[in-house]
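The chains referred to below are lettered A, B, ... by the order of the sequence lines, with proteins before strands, and numbering in each begins at 1.
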Amino acid sequence: MTLKTTIGAMEMRNPVMTASGTFGYGVEYADLVPLDRLGAVIVKGTTLKAREGNDYPRMAETASGMLNCVGLQNKGVEHFAEHIYPAIKDIDTQMIVNVSGDSAETYALCAERIDSLEKIPAIELNISCPNVKHGGMAFGTDAKAAAEVVRAVRKAYHKTLIVKLSPNVTDITEIARAAEAEGADAVSLINTLMGMAIDAERRKLCLSIGTGGLSGPAVKPVALRMVYQTSRAVKIPVIGLGGISNATDAIEFMLAGASAIQIGTANFVNPHVGAEVADGIEDYMRRHKIGDIRDLVGALE
Amino acid sequence: MTLKTTIGAMEMRNPVMTASGTFGYGVEYADLVPLDRLGAVIVKGTTLKAREGNDYPRMAETASGMLNCVGLQNKGVEHFAEHIYPAIKDIDTQMIVNVSGDSAETYALCAERIDSLEKIPAIELNISCPNVKHGGMAFGTDAKAAAEVVRAVRKAYHKTLIVKLSPNVTDITEIARAAEAEGADAVSLINTLMGMAIDAERRKLCLSIGTGGLSGPAVKPVALRMVYQTSRAVKIPVIGLGGISNATDAIEFMLAGASAIQIGTANFVNPHVGAEVADGIEDYMRRHKIGDIRDLVGALE
Amino acid sequence: MNEIQHKFQLKLAVAASEMLSERVAHIVLTDDRPLPAMRPGQFVQVAVPDGGVLLRRPISIHDISEADNTLHLLVQTVGRGTHSIASVKQGDEMDLVLPLGNGFPDMTEGRVLLTGGGIGTAPLLYLGRRLKANGCEVTFLLGGRTAKDILRREEYEAVARVMTTTEDGSDGERGFVTDHSLLGREQFDAVMVCGPTPMMKAVARWASVPCYVSLENMMACGLGACLCCVQKNHEGHNVCVCTEGPVFNTNELEWK
Amino acid sequence: MNEIQHKFQLKLAVAASEMLSERVAHIVLTDDRPLPAMRPGQFVQVAVPDGGVLLRRPISIHDISEADNTLHLLVQTVGRGTHSIASVKQGDEMDLVLPLGNGFPDMTEGRVLLTGGGIGTAPLLYLGRRLKANGCEVTFLLGGRTAKDILRREEYEAVARVMTTTEDGSDGERGFVTDHSLLGREQFDAVMVCGPTPMMKAVARWASVPCYVSLENMMACGLGACLCCVQKNHEGHNVCVCTEGPVFNTNELEWK
Ligand SMILES: Cc1cc2nc3c(=O)[nH]c(=O)nc-3n(C[C@H](O)[C@H](O)[C@H](O)COP(=O)(O)OP(=O)(O)OC[C@H]3O[C@@H](n4cnc5c(N)ncnc54)[C@H](O)[C@@H]3O)c2cc1C
Ligand SMILES: Cc1cc2nc3c(=O)[nH]c(=O)nc-3n(C[C@H](O)[C@H](O)[C@H](O)COP(=O)(O)OP(=O)(O)OC[C@H]3O[C@@H](n4cnc5c(N)ncnc54)[C@H](O)[C@@H]3O)c2cc1C
Ligand SMILES: Cc1cc2nc3c(=O)[nH]c(=O)nc-3n(C[C@H](O)[C@H](O)[C@H](O)COP(=O)(O)O)c2cc1C
Ligand SMILES: Cc1cc2nc3c(=O)[nH]c(=O)nc-3n(C[C@H](O)[C@H](O)[C@H](O)COP(=O)(O)O)c2cc1C
Ligand code: FES
Ligand code: FES
């Protein structure tokens, strides 16, 4: 039985990845989950220059979900390359960097810097962050803008390029096709749904910038639908995420057409979830007599 | 203290309405909630001709939500006018008909028939149903198509016209502005988010047509954000809905900018919820020393 | 069956709750005031305690005791909702909407076979009790995988003759209810069935007399408002199981 | 404070649970194996039982007894999560991630004032016990709205001198902790505070010696991974309360 999964030129031991912004740089979870049971870790959103992110409060819990407006706090790609990369490069899983920017150029420069880091086999281009004013989601909600960014990055970056799509659109397949046309090796979806929370008693918005990104089990039905639609619209692999909390959820995404999956918010609830999902997929394959994980992808009856 | 709420030319005793498709024709709930405690009841989606709707299974439960793909089953507007209207016209609340169609013309013909029913003060134009192949959501995801339908209906219908918007769009304010420009008296939002559920063990889609509309507490953050955005983009009243389960939820929507609210899925969970929400809003106004419900609308600090 | 019946949303007290087998709980509910009248085959919508689940769960009326003002439910643990419901304890409060749906036909004479499999036997006890009181001659034919699945046998026996089948032969005849020798031996004026769909279809195929089945379509409202629970009838129209059923004469259904 | 400390996700058994007042539960947890070492001021992330709530809830370590291998929590019911946590019963299992954050400084000498209000007093017991053992002279100054809010007084008294204030004067001096006459009378080498933010700020304004506060920012991961819990430090940078705190020297914070 094999769970080996290939995305672009990158090979993973299994299709279980952790989602950007929810798993730090991996090391934060090292005590709680064996990192070598994961297919890949996608580290925090990284930008060309350091960013402070948005003010506190940055999160609010909602029914079966949470909103966040962290706003890409990070110390910039140079700091990543010099101080963080050395500490994580030998972790025994694929370490992927999630890249953000505010123009095609800053995306490309950031990606270029990461291209030089030997042990980073792939980047995930975040054109879908709802929590920053400039860039972020703007690139992910317009096919032309998305194409422009992917084109610029594709020139600057030579390893596996994953483009992360926003669900806050009328037709996600249009953006996916634009990314594919510009040379993306895969698309991942969904990023968070834009939402809001209000404190009725205090008559205030709960988040410092008003709106935030919704994640967790609440969004799973929307994510599943978009993965299903997108995997039928493009030929490159689709990486599915949004509300995955256990192996059954993960398998649903793969049946819908995802070649790999990511776990986000569920890491906060159950830090061990990544390993449990990998085990659960194996168990499912055994019970359903599936020898190769690739036979699970899109295998709806 | 007054909770009186005006939408177009229609006056309601309070801002609490029940959402179309979740409250039948009102009579189904008559034993369980005093209908005269509600501001309005919006009855089932009605179309020009009878529709069988989609095959069973039509629903699936999800985390803090549910998917449905009922698909506008109804016996057509003529049947409504002749057989249902007489039985509901004397219910002591505003009875509003939710109107669907598959072309601007069928929408308009259906609306025109209802215009002649004396005790129906308003219609809600459903340009956002994700569960029918032709029409439905297609009109709600494109500003030009939305404008066309609203224009046709506005000509045929002379009472209060509410246009119900789809959340499955990149920019809901654009559609809201189109409806406003064509003479809508109010917009209501959100209809359901398009989603999907999969049964991993049986490897099957849970709903007969694959996709369905997501409703319930899970969608509340998205609905609240869209109500906030839309109420700032148009001058006509915004009616807020999506996941409202109690008075606090209702107040959050009003603080976000809704002039009235609708309760959908929560009626299934707690049939008495409509009256409880009306009571809870009164209680809140008393505690917060708000004399007129209109002062609650958009009253964030 | 056609007198006007009102629906109620009530908070009832759990008078007793015990596990009858690994997967089935017997829950007895009561109230200070007299419970509303309910008919065999009707059901209740139970709000799931603890909030891990959104919608109510439909559960059949297993039995009613007017003497001690109790409503009895049998709940089989399937998923999250039924697990929560099955774990209520004496003294807890449960929120129910009731009574819902139309029941089985209220026959007043004739020989009636009441048959079901597994948890599907739940509504048959109250039904048998009522038909017996009406003057019918009642036979229970209860099926299960194994002896443990034949639940509350004494209560059924107190009402009428009980036959059983089990798949492993550990109780009664081996096989499915449709394999029981009784079916070849005796004549009935009507058959009433509740259980897994394939079993109900098998019984319906066998039956040459009126056959009534109780469907378990997925429901949201239980009130005829949402149109989620529909079943195709013999004319090809979608009808609500929660209001026009859950009991149907199989002739009214489009069943293959 | 800088030796490497591992984190664990453990299922612990509830050895005891009781309501100390209308709103505060005292929960005692234990395990077959020795509990990991924990420092005063650290916290745990508790998975909320029953599934009505998504995220874990951060709760301070109230006390540790190495003798009987127990971890003590005080939980005040605020919303859905703390209500569920407070209702656990002896014999239940709780899923915790621990130990998290940095604790209070491990002073080994000097006069230390430990002050807090309401549920904020929770971490002070273990802290006082540790500082006392280290050789510090410890004073507790506990505040509450009314006498009932002064929780587990005997345990604090068993460690060190206890002073109290209540807003209604029903216990100790009337007013807030910052109004207590002690503050005008005695000198301390350090102050450690936990309670509502306005109270901590008031204490910090009064204190001319190093003042340590324990913040209660909203958290998702508790592990430094999500960056939700940030606080602006004196340089204007956002730092994680869950890993760089929850205890901060007020000099490190941008506090108005
Ligand atoms: C009229 C009627 C009477 C019933 N009587 C009984 C009874 O007396 N005792 C008993 O144990 N069970 C009975 N059932 C079945 C019971 O309602 C389901 O087993 C239960 O809803 C499953 O919920 P869950 O959360 O445990 O399972 P899950 O599988 O987690 O449920 C997921 C969703 O599917 C729905 N669902 C799943 N299975 C069924 C089903 N078989 N029927 C309807 N909805 C389903 C649930 O309501 C829920 O929305 C009856 C069903 C109906 C319609
Ligand atoms: C480091 C730390 C230590 C704490 N120690 C204790 C303790 O020992 N005893 C105790 O009773 N409480 C303690 N709290 C506060 C406790 O975590 C909150 O009261 C609890 O999270 C509220 O959850 P809820 O579901 O009951 O309330 P809700 O208001 O329903 O919670 C909604 C959301 O807001 C968050 N939230 C609400 N209030 C707080 C708060 N004050 N701090 C952090 N998050 C909050 C919740 O985690 C949740 O995500 C501590 C908080 C922190 C950060
Ligand atoms: C606190 C938090 C921070 C996040 N930061 C990022 C980020 O930096 N870059 C990114 O592409 N996505 C980010 N996301 C989105 C997640 O990677 C993921 O797309 C989303 O949460 C949906 O998955 P989930 O439901 O499994 O959490 C963040 C999500 C959360 C909850
Ligand atoms: C079973 C069901 C049927 C629905 N039918 C209709 C309909 O006919 N017309 C319509 O405009 N909206 C329909 N809706 C959408 C609701 O009116 C409402 O917009 C949506 O459910 C969100 O609100 P809620 O979260 O409070 O349920 C339906 C929703 C459900 C759950
Ligand atoms: S369950 Fe809603 S109509 Fe039957
Ligand atoms: S709570 Fe996640 S970083 Fe602090």
If you check every heavy atom in residues 217-236 of chain D against those of chain A, which residues fall under 4.5 Å?
-> Asn217(D), Met218(D), Met219(D), Ala220(D), Cys221(D), Leu223(D), Gly224(D), Ala225(D), Cys226(D), Leu227(D), Cys228(D), Cys229(D), Val230(D), Lys232(D), Gly236(D)
Residues, nucleotides or ligands: over 12 heavy atoms within 6.0 Å of Tyr56(A) OH = yes
Look up atom CG in Leu54(D) and atom OG in Ser215(A), then write down how far apart they are to the nearest 0.5 Å.
-> 8.0 Å
Where on Pro271(A) is there a heavy atom nearer than 4.5 Å to chain D: the side chain, the backbone, both, or neither?
-> both
Per-residue contact mode, Val53(D) against chain A (heavy atom under 4.5 angstrom) = both
Answer yes or no: does atom CD of Glu82(A) have more than 12 heavy-atom neighbours from other residues, nucleotides or ligands under 6.0 Å?
-> yes
Pair Gln9(D)-Asp31(A), side-chain donor/acceptor within less than 3.5 Å | no
For Tyr29(A), is it the side chain, the backbone, both, or neither that has a heavy atom closer than 4.5 Å to a heavy atom of chain D?
-> side chain
Can you say whether Asn270(A) sits under 4.5 Å from chain D via the side chain, the backbone, both, or neither, judging by heavy atoms?
-> both
Quick check: are there more than 12 heavy atoms from other residues, nucleotides or ligands sitting under 6.0 Å from CG of Asp36(A)?
-> yes
Where along residues 84-96 of chain A does a heavy atom come under 4.5 Å of chain D, listed by residue number?
-> none
Mark yes or no for whether Glu52(A), through its side chain, and Asn238(D), through its backbone, hold a donor-acceptor pair below 3.5 Å.
-> yes
Could you tell me which of Glu61(A), Glu28(A), Met59(A) has the largest number of non-hydrogen atom pairs under 4.5 Å with chain D?
-> Glu61(A)
